[in-house]
Amino acid sequence: MRLYLLFGGGVVLGAIIWSPDNRGSVVTWPNADEARVPAEPDNAFSHANPGYQKRAGTFYEKEYLTKALGQLANAAQLTDEQKTAARKILRVFIDDWLASYVRGGGHISQEDLSHCLARMDKRFQAVLQSASHKAYLIWRKEASGTDNALAFLMSPRFVVYSKEAMASTSVPWSDPGYQKRVKWGDLTANVPQELAKRDLLDWSDELTRGLDTADAERLVVSLEVFLRAGQPERVAKAIPLMAKEKDLTARYHYSTYFLAERMLKCGWHEQARLWFDAFSANGPYNGNAMNRLLEWMDRKEGKPATEAWLREKARREPSGIRTVAEGWQRLYLERLAAESKLGAYVAGLRREIVKRPTDVELVFTYLGARTMLAEAERPATTWLADTVHFERALDNFCMARWFASNRNLGAAVAFYERSLDCPVTDYDRARFNSVSMCSRGFLPEEVEPTLRQWAKGGLAGIFFHEKKLKRAQKLVEELTGKKDGTLADLGPFLFAGMVQAASGQRVVEGRIKQAEKTDKDSIQYWLNRAEYYLGRKEEKQAEHAYQAALKLPPDSRWHDVVGDYGQFLQRHKRYKDAERLYRDEIGRVRIDNTEFWLHRLVSLDGQGGVRVLWDEPLVWAWLEELKNVGFPPTGQMWLRDLSRKAEKAKDWPAFEKKVRQFAAAPSPAPLEYYLGRILHDRALLDGRALSDKDGQLDEGLRMMKVAHARWPKDAFPRADEVANELFRILMQQGDRKAGETLVETLLEQSQYSLNPNWLGNAAVVVAQHGATDLAMRLWKRKTALDLIGQEDLESLASAGLTARLRRHYTALAKKDPENWAIKTALETLKAK
């Protein structure tokens, strides 16, 4: 069963869907922003939402994937090959997420989400080196929707707030004090530039001398320098001084764990403990690193003291309305589970709830702790319906949603009805966005009608599942109609068709037919009508509605009717009709909407006699338009995909001729670069790398070099990513001189010369190709910026630089004999 709870003047406000799964339960469906057409059944949710997974996957790919890929590429400095792999991995993650969502009957559990994320992490680990993989993990875990377009799938708590909602709703982002906060990287952005002019160890000594009287900004810089210099004793001195600065705790937003992670990576447990005690804004992410800290605390202070410390951290971290523990709470619960104390803790929470039945946070702390128990050990929750007495509409709704997703329908009904009985207050408006689970924020005035609609929709879904058709019928009449009895602009018409097909009622159908007199010129009207008849499984009537909509002038809902009708045709294996529909739409839409329909068209290739080959004119016409806007990433990826479609020997000459004509000067640098990559890689594929009789390998490299030399400042991929890939190719092809020249050129640019990760990686690559002098220069520049980052040290030593590296660190040790980083490096080299 699919239930779109939408309202108001043609404006889509959001939705919740409740649906019986194959075990006969009702669960939540949180997002109403997908295109909406049914397909083959799988479970009850799929029966009610046919084709949901494929449809939603296409939508997410169109709306979010390319943007997220670009954001990840920037964050992790991905190469072209890595970007190709990353696109596939992210698409697989979307499919994986949606499969879990559909399998769960319209709900993804925290456990399933964790599995999806773990599988994605493993796939990225296979294609990314350590530095890039770490940057990916930070991006995946920390980036908000502005920096990760797929964050709403990676975190169930992520909400995209509109500017209006931020300005008018009491959420953290709207707090002026919060908006003034800055991240650690912003505070220390000038440190690398300063280190380019001075010695790291000397600067550390200078900062130490003035530490006791330093202001907040100087303390921040001091801690960053002490970390880079590998001096844990100075870090331990700086943290308490920072904790005393009220301006720091009030204004600056620390990425608490990721700063502590730098300490934990070095084994600086005392310093990490000090940091967490001073700044515990967010809890741990890396369980392994945190467990090592806890083991250290066990040895030093004893297990009872460690448990008390964790308990206090968990207590200060509010549960809100989350039902799965995270951060400190999760770590504390894992600790209790390991000590066989979790069952007693959950039982104690139950006793507290009986004493304080209106305490929202306590109830959800209990539910979160309960989920950490083995399934066979989890106590029943039915008692909560009789015990808990929440006073606010939103809290009751969240309890209803939780009970519905956990298949306790009787309790869910009770809490839905309580939610409807409670007035909607400022409390509900202020917190609604943080729990709605929708991919958009709601304005305060939108909260009450949306919350009411969602609660009624939840009830309707349960009543339908339990065959209480009169009650379900009454609710769908309310949800699809206005107060004056006319048809709603938007509503759960698919679900209404299902309910009426089961109940024998035709009230909604009567309204639909009556509304035709006034609304026949509205595309939305015909979409609603099509969905209603799909719900009734009256396919001819549904198709008639789609065709009626397509006869009208296009408006904002035109995209939906074409997409829905196209999926309808594909579901009925009318591939030729779907092809005509998509080709007509490609000819009509503007360039910014073309790609979605091209994907639809290409997906038909090989089905029902439809062929869409590499030389498809519509694709090349669209790519030609992209040349006028700098040939963005989407064009680059399509060009690569076309080259793969033309890989057969008989097709390649024609493809190469066409693509050379397409990229003839003047052409944007990204286009020239990608053509060079295609020619270069094809030459390797054909085994022509050594002889290169036709010069294709050299031509490809030449085009890449020329493109890099004139790379636009804001083009994608970034200039440094293009340089890294070009440098790698040059060294692999044995053109050491050109590779070294390129590196020397890059070292004159700040984004390279001040980037320790790039310097370390480049040092290893050039050393492996025999350029040992250049490798040592790169490594020395790296250690001048950061001494604790030693991930590449063993690889560099293995390339024949052990003796020279020992001399380098021995010279540094004369300046700071007890330096942790220098001593660690010398120990590593001693083993070589």
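Every value quoted in this text rests on a predicted model; they were computed, and no experiment measured them. Quick note: residue numbers are just sequence positions, from 1.
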Could you tell me whether [X] and [Y] make a salt bridge, using a distance below 4.0 angstrom between a side-chain N and a carboxylate O?
| X | Y | result |
| --- | --- | --- |
| R702 | D698 | no |
| E740 | K737 | no |
| K265 | E261 | no |
| D792 | K782 | no |

When rounded to the nearest 0.5 angstrom, what is the spacing between [atom1] in [X] and [atom2] in [Y]?
| X | Y | atom1 | atom2 | result |
| --- | --- | --- | --- | --- |
| F655 | K650 | CZ | NZ | 14.5 Å |
| D95 | F93 | CG | CZ | 10.5 Å |
| Q125 | L137 | CD | CG | 8.0 Å |
| L195 | L754 | CG | CG | 8.5 Å |
| S643 | R682 | OG | CZ | 9.0 Å |
| T79 | L726 | OG1 | CG | 12.5 Å |

Give a yes or no on whether the backbone of [Y] and the side-chain of [X] come within a donor-acceptor separation of less than 3.5 Å.
| X | Y | result |
| --- | --- | --- |
| E794 | Q790 | no |
| H680 | I729 | no |
| W620 | W614 | yes |
| R806 | L829 | yes |
| E616 | L618 | yes |
| D786 | A229 | no |

Return the set of residues passing salt bridge (charged side-chain N to carboxylate O under 4.0 Å, His left out) with [X] (not counting sequence neighbours), or none when no residue passes.
| X | answer |
| --- | --- |
| D773 | R804 |
| K576 | none |
| E744 | R777 |

Could you tell me how the ring of H559 sits relative to the ring of W597: parallel (under 30°), tilted (30 to 60°) or perpendicular (over 60°)?
tilted
Look at the aromatic rings of W638 and H599 and report parallel, tilted or perpendicular, splitting at 30° and 60°.
tilted
Heavy-atom check, side chain of [X] versus side chain of [Y], under 4.5 Å:
| X | Y | result |
| --- | --- | --- |
| R781 | S753 | yes |
| T783 | Y809 | yes |
| I94 | L90 | no |
| D651 | L613 | no |
| Q636 | R640 | no |
| L805 | L793 | yes |
| Q768 | V764 | yes |
| Y136 | L128 | yes |

Minimum heavy-atom separation for [X] to [Y], with atom names?
| X | Y | value |
| --- | --- | --- |
| L117 | M154 | CD1-O, 3.7 Å |
| L801 | A767 | CD1-CB, 3.9 Å |
| N148 | A68 | OD1-CB, 4.2 Å |
| R600 | G563 | NH1-O, 3.4 Å |
| A797 | T802 | O-OG1, 3.2 Å |
| W139 | A75 | CD1-CB, 4.0 Å |

Return yes if a side-chain donor-acceptor contact under 3.5 Å exists between S204 and R228, otherwise no.
no
Between W652 and E656, do the side chains contain a donor N or O and an acceptor N or O under 3.5 Å apart?
yes
Report the C-alpha distance between L778 and L747 in whole Å, list the side-chain angles of each, state the deciding distance to 0.1 Å, and finish with yes or no for side-chain contact (heavy atoms from CB on, under 4.5 Å).
CA-CA 9 Å; L778 290 166; L747 282 174; 3.7 Å; yes
Checking K657 against F662: charged group under 6.0 Å from the ring centre and within 45 degrees of the axis?
no
Would you find more than 12 non-hydrogen atoms of other residues, nucleotides or ligands less than 6.0 Å from K815 atom NZ?
yes
Residue pairs, two or more places apart or on separate chains, that pass ring-ring contact (aromatic ring centres under 6.0 Å, His included) and touch residues 757-794:
Y752-W758
Could you walk me through whether D202 and R198 pass the salt bridge (charged side-chain N to carboxylate O under 4.0 Å, His left out) test, one step at a time?
CA-CA 8 Å; D202 288 345; R198 61 164 79 211; over 6 Å; no
Can D735 and L701 be said to form a side-chain contact (heavy atoms from CB on, under 4.5 Å), step by step?
CA-CA 11 Å; D735 195 346; L701 281 173; 5.5 Å; no
The complete set of salt bridge (charged side-chain N to carboxylate O under 4.0 Å, His left out) pairs with one or both residues in residues 665-680, sequence neighbours excluded, reads D80-R677, E81-R677, E672-R710, R677-D681, R677-E725
For residues 602-613, which residue pairs pass the salt bridge (charged side-chain N to carboxylate O under 4.0 Å, His left out) check, not counting sequence neighbours?
D605-R611, D605-K645
Between R119 and D96, does a salt bridge (charged side-chain N to carboxylate O under 4.0 Å, His left out) hold up when you go through it step by step?
CA-CA 9 Å; R119 288 190 287 267; D96 204 8; 2.8 Å; yes
Check against side-chain contact (heavy atoms from CB on, under 4.5 Å), K83 and L72:
CA-CA 9 Å; K83 284 200 291 288; L72 172 59; over 6 Å; no
Begin from the C-alpha positions of N819 and L812 and carry the test side-chain contact (heavy atoms from CB on, under 4.5 Å) through to its verdict.
CA-CA 9 Å; N819 184 285; L812 291 174; over 6 Å; no
